[in-house]
Amino acid sequence: MPKQADDVKEIEKRWRAFWEEQGTYRYDPNRGRDETFVVDTPPPTASGALHIGHVCSYTHTDLVVRYKRMRGFNIFYPMGWDDNGLPTERRVQNVFSVRCDPSLPYDPDLKLEFGREGDVLPISRSNFIELCDVVVTEDEKQFKDMFQRVALSVDWTHTYATIDRRSRYVSQWSFLKLIHKGEAVLREAPTMWDVDFQTAVAQAEVEDRDREGTYHRIRFSVEDTDDGVVIATTRPELLPACIAVVAHPDDSRYRELIGKTAITPLFGAPVPIMADESADPEKGTGILMVCTFGDAADVEKWREMGVPAREVIGRNGRILPAAWGSDHWETIDGEMARRHHDKITGLSVNQARKLIVELLAEAGALADDPDSSPEKVVRPVKFFEKGDRPLEFVVSRQWFIKVMDKKRELIEQGRKIQWHPEMFRKRYEDWVEGLNQDWGASRQRYFGVPIPVWYAIDGDGNVDHDTLLLPQKDDLPVDPSEQPPPGYEESQRGQPGGFAGDPDVFDTWATSSLTPVIPTGWPDDEKTFRNLYPNDLRPQAHEIIRTWAFTTITRSYLEDGSVPWHHAAISGFVLDPDRKKMSKSKGNAVLPTDVLDEYGSDAVRYWAGSARLGVDPAIDHNVYREGKRLITKIRNAARFVNGFGSVEGAPTNPLDRALIGRLQQTVDKVTTHWESWDHTAALETAESWFWSDFCDNYLELAKTRAYAGEASAISTLGRGLDAIVRMFAPFLPYVTEEVWHSIDPEASSVHLAPWPSAQEFSDGLDDGSFDVAVEVMTHIRKAKSEAKVSLKVPVEQLTVSGDKRRLDLLESVMDDIVTTANVRNRELTPTGSDDGLVVGVVLGEAEKKQ
RNA sequence: GGGCGGUUGGCUCAGCGGUAGAGCGCUGCCUUCACACGGCAGAGGUCACUGGUUCGAUCCCAGUACCGCCCACCA
C-alpha cells in the first residue's frame, strides 16, 4: 500500500528518534585530523522564519557530509546560531514594541508579552538584551526543529551561539590580539553612518539604490569675474559644508578659474577652485562642490587638502549648528552666514535641502531656468542594506581592522581554497581588489559582543582615546560598560583620573568571521584545535562572499597566516516558480513547512539534490513530485526483492553478471561525481541506473528465475538493492534507512554503512549481453505496442540475425527473454556482418480478453 | 560603467568537437503475479544571433543581442 502523508511523518519521526538514540551523527574526538571531516556550518541569523532557501543550502551541506561519513570519515558537523546584531534588535523592537534607551536604569520586574502592541516603550539596555535572549531562544528552537526535520546530520551536542560566553571570549581575545599586533586600530574619521540606526556601517553592508535627485544650479561668485561660476548639485543642503570647488584640469570652460577663490552664496565662505582628475565634465555643469561630506570622493579630497572638516550633518541626520566667523568657519559676512545657518539648524537633510533652495532663490543665487522645472537625475545613492534613508558621512571614532594594506595577500589566501563552483573565487578576488576602506568593526548597537576596551580619563576629565586600558585574557569575556578595567574600581568610571568603557559592540562579522575556530577549543585546547582546524568545508551563499567569506579569510590570515578551510561550497538562493527572488514583502516566499508537509523531507531533499552548487534553483513542484515517485519506487522495489529472502553468492547467470558489472561502473561514476563536488550528477547517475537498468530491465527479465528460487538471480537482486540504498542514502536518509532495516532489522544505520566500492562488484562483467537483451526486448515491446496488444501476448516467432558475437551474447540471456516476452519460437541467424542486430517479431494470436 | 554567469524541445534543466538528451507536460497503448505515485511506444528542438578555427561546431575563438547576479566616488 502506498504510504499516506501521515505515515511519512511517523516514519520520519521514528528514524529521527533512532539516530538520536544511536548517536549516529556523533563526532568522535579520539580520531585524528586526517580521518575527520570538519564543517564550518553557517550559523543562521535568528531573525524569525526559515525559508525554503535555507532548506536547500543546508541540505547541500548535509549531502556532502553524509557521503563523507559513509566514506568512513569522522564527521564534525556543529550548528551555530547567529543571534547578535541588528536583525535580532529589530525583531525585539517589533515583537515587543520597545526601543532601547541606554540612559534608563534596569527594571528587574519588567514583563512584556510576546507580540505586545501599543506605544513604543523605552527600556534599559539590560532589559533590551534580556528580550533579545528571549527572542533568540525561541527562534533557535524552531530552527532546530526544522533542521532536524530535513534530517541534517548535525551533531547536536556541538552547538554555539555568536552571543554566548564562549563566542564572546573567542571574539574578544582574537580582537585583543589584533590590537596588540597593530592590526586593529581606533580612528576618528568620516565614516558611513546610518542616521536611523545611528551606527557606523561597513563597506560590506552598503548597497547602492537608484534614487531620483534634482540638479540645482547654484551661482558662486569668483574673484576677478563678473558672473562667477554656476555649480550643479543634487545636495544643496551641503552648501555650508563646502570647502572647495573642483573641475577637470582639461575642461577649457573652467581652466581660467583654477587657483582663484570662489565665495559660497548664503554663507560667504571663500573656497579654493581646484583642478581634479575625478571631476567629470559631462556631469552637471562639470564643476562641483567638495563638501564635508557628500561622498567618498569628498572624503578623499578633504584628506588631500588637509583642512578641518565643516561638519553640518549630525548623527541623527539633522543639521548641526555652526560657528560662522570663528575657527575654520571662515566667511566674508559672518552675520549673513549665521542668519542663514540658524534657519537650517536642527532640520532634517530633506527639510534643509528644500529651505536652502528657497534661500538661494531669494538671494538670487539660483541659476535655474525659472521657466522650466529643474533637471532631474537618477543616480546611485548609498544605503545601509537594512536601512531606509541614505547614508551620510559622519566623523566618528571607530575601530578598524586593517585590510587595505593586505589585498594581495588576501587574494593569495583565496587561491589556496578550492571554490565550488570555481567561478566564485573570482567574485571574492574582485571584492578584495575593490576594497576602498579598512574594515570598520565597531557598531553603535546594544545586542552584540562588547568591544573589550576602556580608555583612561585624564586629570581634567577628558577621555584619552590614545591610552587604552585592556583586560587580561583570564578576565574575558568582559563588558566594559558594566565592569571596570584591571586596576580600577567601578567608582572611577567617568571620573577624572578614572576610565571610560567603550560603549560599542562588534560588527556581526567580527564574531561570525571566527566560526571556524569557535567550536574548536581555540586558543586554550590545543589538541582539539589541531583535530579540527583548518576546517574542511565552508558552505555559504554567494551573496555573502564579500562579508562572511571575506572576513573569515581575513581573520585567519591575521591570526596566523592560515586558510580557514580547504573547500568553499557556494549555494545559490531559491527563486519562486517564476524565477523571481523570493521575499516576504512580495508574498511569494514559500514556507518550508508547507512543502515538507505536502511532499515529505526526502522529496524536498531530492529537489535540493537536483540543484547544482552555485546556481539559483527555482521552486518546482514537479521536482518534488519526481522525488516522491523515486521514493515510492525504491520502496516497491525493496518490497519485491525482500520477498525472495536473503541469498548470498556470486552471479552464475550471464545477465546477473552483466547487471553486477554495470552496477560496478555506476558505483564508480557516482563516486567520481561526489569527489568532484557534483552531487547533482551523482544523483542523476544513481537514479538512472536504478530506474532503467535495475527496475525497467533487469527486474523484468530476472523475475521468472527469481520466482523459481534461483540463487544467482535472488542474490543479484539483493546486492542491487543493497547498493541502491547506500547510493541514495545521502539524498533520501529516511526511506533508505527504512529499507535498510527492512532488509536487516538488526542492522545499524545505513548512514554508517560503508560507501559502495567498485571492489565489491568485481565479480560482475558487463560483456554486452545486457545491452543485447534490452535491444531485443525493445523490439518486442515496440511490436506489441504498435499492435496495441498486451505485453503478455505471445511472440509466435522471433527472428534475430547479426554477427556471431552478439548472437552468442543473446543466446546466453535468451531464456530470460523467452519467459519475459512469452516467446514461442525463435531463430537466430549469424550473418557475419557487424551492423548490429536485425530483429523480426511475429506476434501470436491475442488471447481474447474476457 | 566594470566583472561573472546564462541563452538547448511547451516547462525545468543535463550534455559538449563527429548524425541532439532527461524529467514534467502532450499523443497512443498496456492493469490485478514489486510499483497506475506504474509500464511500453511515440510526437516535439535550424542547441539566441553573426563571423572565425576545423575534414566536421550546440560544444572552441571573436563579436552582437537579450536575461540574471555581483561590484562601482551619490556633483
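All values below were derived from every heavy atom in this structure, side-chain atoms included, with hydrogens, water molecules and symmetry-related copies excluded. Order of the sequence lines fixes the chain letters, A, B, ..., with proteins taken first and strands second; residue numbering starts at 1 for each chain.
Using N1 to N3 plus N6-O4 or O6-N4 for Watson-Crick, or N1-O2 and O6-N3 for G-U wobble, each under 3.5 Å, B:C37 pairs with nothing. Nucleotide B:G44 has no partner under the Watson-Crick or G-U criteria, as no pair reaches both atom distances under 3.5 Å. B:G63: Watson-Crick or G-U partner is B:C49, with both key distances under 3.5 Å.
Regarding contacts with the backbone of B:G15, a side-chain N or O of A:Arg612 is found under 4.0 angstrom from either OP1 or OP2. Side-chain nitrogen and oxygen atoms of A:Arg546 include at least one within less than 4.0 Å of the OP1 or OP2 phosphate oxygen of B:C71. Between B:C24 and A:Arg629, a contact under 4.0 Å exists linking OP1 or OP2 to a side-chain N or O. Between A:Trp691 and B:A22, a side-chain N or O to OP1/OP2 separation shorter than 4.0 Å is absent. In this model, the phosphate group of B:A41 is not approached by any side-chain N or O of A:Lys784 to a distance below 4.0 Å at OP1 or OP2. Phosphate contact (OP1/OP2 of B:C73, side-chain N/O of A:Asn436, threshold under 4.0 Å): present.
Under a cut-off of 6.0 angstrom, the local environment of CD in A:Glu429 is crowded, with over 12 non-hydrogen atoms contributed by other residues, nucleotides or ligands.
Set against B:G38, B:C73, B:C74, the side chain of A:Lys633 has B:G38 as its closest nucleotide. Which of B:G39, B:A14, B:G3 sits closest to the side chain of A:Glu684 comes down to B:A14. The A:Ser790 side chain lies nearest to B:C30 when the options are B:G42, B:C30, B:C35. With distances taken from any side-chain atom of A:Thr632 to the nucleotides B:C37, B:C40, B:C73, the minimum falls on B:C37. Here B:C24 is the nucleotide among B:A14, B:C40, B:C24 with the atom lying nearest to any side-chain atom of A:Asn622. The listed nucleotides are B:U12, B:G39, B:G3; the one nearest the side chain of A:Asp620 is B:U12. Among the nucleotides B:A72, B:C35, B:G28, the one closest to any side-chain atom of A:Glu700 is B:C35. Checking B:G28, B:C69, B:C35 against the side-chain heavy atoms of A:His542 singles out B:C69 as nearest. Of the candidate nucleotides B:C73, B:C35, B:G42, B:C73 has the atom lying nearest to any side-chain atom of A:Asp295. Closest approach to the A:Lys426 side chain among B:C4, B:C30, B:C74 is made by B:C4 (side chain taken as heavy atoms from C-beta onward).
Among the heavy atoms of the strands lying under 4.0 Å from A:Thr778 are primed sugar atoms or P, OP1, OP2 only; no base atom is included. Residue-level contact check: A:Phe424 touches neither bases nor backbone, having no heavy atom under 4.0 Å from any strand. A:Ile231 comes within 4.0 angstrom of nothing in the nucleic acid, heavy atoms only. A:Leu630 comes within contact range of no nucleotide atom at all, as no heavy-atom separation falls under 4.0 Å. A:Ala638 comes within 4.0 angstrom of nothing in the nucleic acid, heavy atoms only.
No side-chain donor from either of A:His248 and A:Tyr254 sits under 3.5 Å from a side-chain acceptor of the other.
A salt bridge between A:Arg389 and A:Asp194 is absent, with no side-chain N of the basic residue lying under 4.0 Å from a carboxylate O of the acidic one. Ionic pairing of A:Asp771 and A:Arg662 is present here: one or more N-O contacts between side-chain nitrogen and carboxylate oxygen are shorter than 4.0 angstrom.
One interatomic measurement links the two molecules: CZ of A:Phe393 to P of B:C73, which rounds to 9 Å at whole-angstrom precision. Here the P atom of nucleotide B:A36 and the CZ atom of A:Arg635 are 14 Å apart, to the nearest Å. Here B:U12 presents its C1' atom at 13 Å from CZ of A:Arg625, a figure rounded to the nearest Å. If you measure from atom NZ of A:Lys788 to atom C1' of B:U27, you get 10 Å, rounded to the nearest angstrom.
Between A:Trp674 and A:Phe731, a ring centre-to-centre spacing shorter than 6.0 Å is recorded. Residues A:His60 and A:His679 place their aromatic rings such that the two centres sit under 6.0 Å apart.
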